[in-house]
Amino acid sequence: MNDIVAPDSAVHISVISGTNRAGSQTLRLSQHIAGLLRGLPGVQASVIDLQDLPEGLLAPTAYATKPPGFAAFSDAVLRSDGLLVVTPEYNGGMPGVLKVFIDLLPFPVAFERRPVAFVGVSSGRWGALRPVEQLQGVFGYRNAFMFPDRVFIPGVGGELDAQGAPTSPLIAGLLNKQAADFSSFCRLIRPLRPGA
Ligand SMILES: Cc1cc2nc3c(=O)[nH]c(=O)nc-3n(C[C@H](O)[C@H](O)[C@H](O)COP(=O)(O)O)c2cc1C
């Protein structure tokens, strides 16, 4: 069950970096977005980095008996007032590791009435539209509160500086607005969440 929090306490948002690929653009951008969120009044943010997942997630027994170390990941999700998923596009869809992560989180509490927002990145032209829409189907099925404003970044290799910040004012503006509006959305939804 989600922690019960006072209405005026800080909103905590977890940014899920949706791949475990070493050196991913997704992680760099996720860290930048977490920094944007932390810069907003009354907002705390941290990154869930799938590179740090424990071994054993693909074992047939992992659904029933989670590998040691997985609890830290599920606890981070359960403590969150909102999830901001940054996904790359791999073979026209979300990375397999992101779906495995989702499938191992506790049902139904992980996503039930939990706000979720999406950012897509790809080297190709479509900015991960396909995986974001797949994820919207998954999170919709799981009764998450979907934040409507998505951000897509095509050609991501040429769009981020060394710190993972966008170089284009257009993308910077979209990410800033999404961060500010999503944190307000999370604050508004919090009283409607289970356990509130
Ligand atoms: C296994 C794999 C599959 C990929 N498939 C696609 C794809 O279908 N479409 C696309 O535009 N880019 C694809 N890419 C390139 C990614 O969009 C690119 O690596 C980008 O930087 C975002 O992924 P990253 O976070 O791993 O860096 C693929 C990359 C990998 C590693």
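Both ligands and their constituent atoms are indexed starting at 1 by order of listing.
- In terms of protein heavy-atom proximity, atom 26 (O) of ligand 1 is closest to Y90 OH, 2.5 Å.
- Within a 6.0 Å radius of CZ in R113, other residues, nucleotides and ligands contribute 12 heavy atoms or fewer.
- The shortest N/O to N/O separation between Q25 and ligand 1 falls below 3.5 Å.
- Side-chain contact between F118 and P131 is absent, with no heavy atoms from C-beta onward closer than 4.5 Å.
- Each of the atoms 10 (C), 11 (O) of ligand 1 lies under 4.0 Å from some heavy atom of G124.
- Not a single heavy atom of G157 sits closer than 4.0 Å to an atom of ligand 1.
- Taking 4.5 Å as the limit, every side-chain heavy atom of L53 sits out of range of all side-chain heavy atoms of V100.
- Ranking protein heavy atoms by distance to atom 25 (O) of ligand 1, first place goes to T26 OG1, 2.5 Å.
- The shortest distance between side-chain heavy atoms of P67 and L57 falls below 4.5 Å.
- Within ligand 1, the atoms closer than 4.0 Å to a non-hydrogen atom of S122 are 11 (O), 17 (O), numbered from 1 in the order shown.
- Residue V156 approaches ligand 1 through these ligand atoms, each under 4.0 Å from one of its heavy atoms: 20 (C), 21 (O).
- Side-chain contact between F145 and V116: absent, with no pair of heavy atoms (C-beta onward) separated by less than 4.5 Å.
- Under 4.0 angstrom from ligand 1, there are no non-hydrogen atoms of L27.
- Counting heavy atoms from C-beta on, the side chains of F101 and V77 come closer than 4.5 Å.
- Annotation: atom 5 (N) of ligand 1 to nearest protein heavy atom, N91 N, 2.8 Å.
- Using a 4.5 Å heavy-atom threshold, the side chains of E133 and R150 count as touching.
- Taking every heavy atom of P88 and a limit of under 4.0 angstrom, the matching atoms of ligand 1 come to 22 (C), 23 (O), 25 (O).
- Summarising the contacts of atom 14 (N) of ligand 1 with E89, E159, R28, the nearest heavy atom is found in E89.
- Ranked by closest heavy atom to atom 15 (C) of ligand 1, the top entry among G18, S123, G127 is S123.
- The shortest side-chain heavy-atom distance between P106 and L78 falls under the 4.5 Å cut-off.
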